[in-house]
Amino acid sequence: QVVNWAYYEQTIIAVDTLLVYLKVLHFLAGVPYISTLLHTLSRARVPLACFIACLGILVLAFASSFYFALGAQLHEWREMSVSIMSLLHVTLGQVDVPALERESGLGVFLYILFFFLVVLVSVNIFLSIVTDAYASEKAEGIAVDLASVLADAARRQYRRTRESVS
């Protein structure tokens, strides 16, 4: 009973700590580079949400495939949750390819297909989404800066004209 409460307390503290550090980003929003980062992520939130949903479906599909193809033979693929974590290891390059070759040719094919689709293609799509959002954020920032410069110049000219008339 006490062990369960300690576990719950640790979990709540871990989540709270994450939220506190995310709140720090909110307070640093006035810093130019942090502001650009936050605006870029805000601008990219809808395409990123769609991309993450598609990526999640892709990961679940591959986890299921690895589980059914190799779950009985290899310890890394014994359950769905373990298969998902093993796919994370695959994206980091930590995979036992000789074991895949030993157990099943299908395992090697799935590994190559997953590596190509997720590590190469999906990462490039993610970077493309963020880069497009950053480019549009910078373009809008330049337009806003130009507008403020022109507005300031117009105010100064108006004051000069008004002072010369007086």
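Here, residue 1 is the first one in the sequence, and each next residue gets the next number.
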**Study point:** Cluster overlap L120 with L127, hydrophobic side-chain contacts below 4.5 Å
**Key:** yes
Exercise for review: Decide whether L41 and F27 are clustered together by the hydrophobic rule: side chain heavy atoms of Ile, Leu, Val, Met, Phe, Trp, Tyr closer than 4.5 Å, transitively.
Suggested key: no
**Study point:** Any donor-acceptor pair under 3.5 Å from S65 side chain to A61 backbone
**Key:** yes
Check your understanding: Any sub-3.5 Å donor-acceptor pair from T91's side-chain atoms to V119's backbone N or O?
Key -> no
Review point. How about Q94: does its CD atom have over 12 heavy atoms from other parts shown lying under 6.0 Å from it?
Key: yes
Review point. Under 3.5 Å, side chain of S164 to main-chain N/O of R160, donor-acceptor pair present?
Key: yes
Study note, to complete from the structure: Heavy atoms of F66 and Y111 approach each other most closely as CZ-N, 3.5 Å
Practice item. Group every Ile, Leu, Val, Met, Phe, Trp and Tyr by side-chain heavy-atom contacts under 4.5 Å, then state whether V90 and L92 land in the same group. Key: no
Exercise for review: Indicate the atoms forming the closest heavy-atom contact of I129 with A44, along with that distance.
Suggested key: CG2-CB, 4.1 Å
Check your understanding: What's the verdict on side chain to side chain contact (heavy atoms under 4.5 Å, CB included) for Y67 and V82, showing C-alpha distance, side-chain angles and the deciding distance?
Key -> CA-CA 9 Å; Y67 169 69; V82 177; over 6 Å; no
Study note, to complete from the structure: In short, A63 meets S83 closest at the heavy-atom pair O-CB, 3.7 Å
Check your understanding: Are T40 and R43 linked by a side-chain donor-acceptor pair shorter than 3.5 Å?
Key -> no
Point to revise | Y134 atom OH, over 12 foreign heavy atoms within 6.0 Å | key: no
Review point. Would you say V118 and L100 are hydrophobically clustered, going by side-chain heavy atoms of ILVMFWY under 4.5 Å?
Key: yes
Review point. So, the side chain of R78 versus the backbone of H75: is there a donor-acceptor pair under 3.5 Å, distance only?
Key: yes
Point to revise | Hydrophobic cluster membership, L110 vs V121, 4.5 Å side-chain cutoff | key: yes
Check your understanding: Looking at residues at least two apart in the chain, or sitting in another chain, which of them share a ring pair (Phe, Tyr, Trp, His ring centres under 6.0 Å) with F114?
Key -> F62
